[in-house]
There are 2 protein chains.
Amino acid sequence: MARNIFKYSDCPMHRSMAILGSKWKPIVIYALRERTARFGQIHAIIGSISKKVLTTTLKELEEDGILNRTEYRELPPRVEYNLTDKGRTLIPIIIQLAKWDNEHYEEKREKLETTP
Amino acid sequence: MARNIFKYSDCPMHRSMAILGSKWKPIVIYALRERTARFGQIHAIIGSISKKVLTTTLKELEEDGILNRTEYRELPPRVEYNLTDKGRTLIPIIIQLAKWDNEHYEEKREKLETTP
DNA sequence: TAAAGTGGTAACCAACAAGTAACCAACAAG
DNA sequence: CTTGTTGGTTACTTGTTGGTTACCACTTTA
């Protein structure tokens, strides 16, 4: 979404889409909704995301103040991610969006199924 | 957002982002929140969108059942757009998102302003 | 000695989104 | 006969996202 251009747009929708409007961001936020997780765990939970894309997704979410990254200097290394307060306030909106979609997706599927 | 791939994903977040997650869609929906408008009017309201991009934005929103397109065969031609019921249920979510962003954007601006 | 786990990075590439500029049909008004 | 209006379309270019594959340091385990 040309993130860096829209981040400081004067339109709040452009700005929030710069934070949320990419393929994996809402999913990553949702995955962290009630837990802290390590890089590898997030990767496993989501399944189909590549490591490279997960890396940049996490980095951008951290930049935007949505999540915290904590590095433990152990061996093998451990890095944990969890939502910030700002990130947490996003959860109800994400859930509402998913609910909205589900309702209308169901409607559509039902229509398709009952048409001859 | 690779719209056609995610439209029928089994993840509701991918599906709703396929509908909403592009540069202009939330803005167009918001512009039509309480009125019907013609192509040229939408173009004027939004200002910086190109006619080509507005055309595809409107077409996709119509395909996804978010808005109605009504063509009046007059001269010069008249085409009106307005939200469907499904589209209207999206408005409170869009407003919430904008509000969410504004709150945290203000916070950030205030912090920047009060730092030496 | 070799393999495996962790959290990445680098190089490269295909697909898509978005933008620019010119153009169109159809008629009405001047 | 030219100009304006409306709602687009076409061709072309650029920018961004997401993806693949290979690779890295470091240490523990087998």
Side-chain angles (χ1 to χ4, degrees), chain A residues 1-7 9 11 13-14 17-28 31-32 36-64 67-82, chain B residues 1-7 9 11 13-14 17-28 31-32 36-64 67-82:
Chain A
M1 271 274 297
R3 178 168 164 276
N4 290 311
I5 303 170
F6 299 125
K7 221 165 142 176
S9 156
C11 168
M13 282 312 304
H14 278 158
M17 279 299 159
I19 292 180
L20 214 64
S22 85
K23 184 171 174 188
W24 297 107
K25 282 177 187 174
I27 284 98
V28 168
L32 293 172
T36 290
R38 304 175 54 167
F39 182 90
Q41 292 175 320
I42 303 173
H43 191 244
I45 294 166
I46 297 183
S48 43
I49 192 172
S50 74
K51 286 203 284 182
K52 180 208 146 196
V53 173
L54 181 54
T55 304
T56 63
T57 300
L58 291 168
K59 198 188 299 170
E60 292 183 357
L61 286 173
E62 194 200 355
E63 272 176 36
D64 293 339
L67 47 81
N68 296 121
R69 194 189 110 108
T70 318
E71 208 172 325
Y72 298 91
R73 302 192 158 280
E74 305 170 353
L75 274 156
R78 180 160 63 103
V79 181
E80 288 189 344
Y81 294 91
N82 69 296
Chain B
M1 270 274 296
R3 180 168 164 275
N4 290 309
I5 302 170
F6 300 125
K7 220 165 142 177
S9 154
C11 168
M13 283 311 304
H14 278 159
M17 279 300 159
I19 291 180
L20 217 61
S22 85
K23 185 173 172 187
W24 297 106
K25 282 178 187 174
I27 283 98
V28 168
L32 293 172
T36 290
R38 302 175 56 166
F39 183 89
Q41 292 175 322
I42 303 173
H43 191 245
I45 294 166
I46 298 183
S48 43
I49 191 172
S50 73
K51 287 202 282 181
K52 181 207 144 196
V53 173
L54 181 54
T55 304
T56 63
T57 301
L58 291 168
K59 200 189 296 173
E60 292 182 358
L61 286 173
E62 194 200 353
E63 272 176 36
D64 293 340
L67 48 80
N68 297 120
R69 194 189 110 109
T70 317
E71 207 172 327
Y72 297 90
R73 303 193 159 278
E74 303 169 358
L75 273 158
R78 179 159 64 104
V79 181
E80 289 191 345
Y81 295 89
N82 69 295

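Sequence lines set the chain letters: A, B, ... in the order given, protein chains first and strands last, and positions in each chain run from 1.
Backbone-only contact: B:Tyr81 has heavy atoms under 4.0 Å from sugar-phosphate atoms and none from a base.
Separating the CD atom of A:Gln41 from the P atom of C:dG5 is a distance of 15 Å, rounded to the nearest angstrom. For the pair B:Lys23 NZ and C:dA18 C1', the interatomic distance rounds to 7 Å; values are reported in whole Å. Going from atom CZ of A:Phe39 over to atom P of C:dG5 covers 16 Å, rounded to whole Å. For the pair B:Met17 CE and C:dA17 P, the interatomic distance rounds to 15 Å; values are reported in whole Å. We find that CG of B:Leu75 is positioned 14 Å from P of C:dA25, with the value rounded to whole Å. Taking atom NZ of residue B:Lys7 and atom P of nucleotide C:dC16, one finds them 14 Å apart after rounding to whole Å.
Taking both residues in full, the closest heavy atoms of B:Ser9 and B:His14 are given as OG-CB, 3.6 Å, listed atom of the first, atom of the second, then distance. Between A:Met17 and B:Gly21, the shortest heavy-atom contact is SD-CA, 4.4 Å. In plain terms, the two heavy atoms of A:Arg78 and A:Glu74 that are nearest each other are NH2-OE2, 2.8 Å. Closest heavy-atom contact between A:Met13 and B:Pro26: CE-CB, 3.4 Å.
Note on the helix from C:dT1-D:dA30 to C:dG30-D:dC1: angle between the axes of the first and last five pairs equals 20°, rounded to 10 degrees.
Phosphate contact (OP1/OP2 of C:dG8, side-chain N/O of A:Arg69, threshold under 4.0 Å): present. When the side-chain nitrogen and oxygen atoms of A:Arg78 are compared with OP1 and OP2 of C:dG7, none of them lie within a distance under 4.0 Å.
A 4.5 Å side-chain heavy-atom check between A:Val28 and A:Leu54 finds at least one atom pair inside the cut-off. Side-chain contact between A:Ser48 and A:Trp24 is present, with heavy atoms from C-beta onward closer than 4.5 Å. For the pair A:Thr70/A:Thr36, no side-chain contact is recorded, criterion being any heavy-atom separation below 4.5 Å from C-beta on. At a threshold of 4.5 Å between non-hydrogen side-chain atoms, the residues B:Gln41 and B:Tyr81 do not count as touching. At least one side-chain heavy atom of A:Leu61 sits under 4.5 Å from a side-chain heavy atom of A:Lys25. For the pair B:Phe6 and A:Lys23, the minimum side-chain heavy-atom distance is below 4.5 Å.
Contact footprint of chain B on DNA chain D: nucleotides with an atom under 4.0 Å from a non-hydrogen protein atom, first to last in 5' to 3' order, D:dT5 to D:dA11.
DNA chain D is contacted by both A:Pro77 and A:Ser48; A:Ser48 maps to the nucleotide lying nearer its 5′ end (nearest heavy atom per residue). Taking for each of A:Phe6 and A:Val79 the nucleotide of DNA chain C with the nearest heavy atom, the 5'-most of the two is the partner of A:Val79.
One distance of note links CD1 of A:Ile19 with CD of A:Glu60; it measures 11.0 Å at 0.5 Å rounding.
Annotation: proximity of residues 49-60 of chain A to DNA chain D (heavy atom, distance under 4.0 Å) is found for A:Ser50, A:Lys52, A:Val53, numbered in ascending order.
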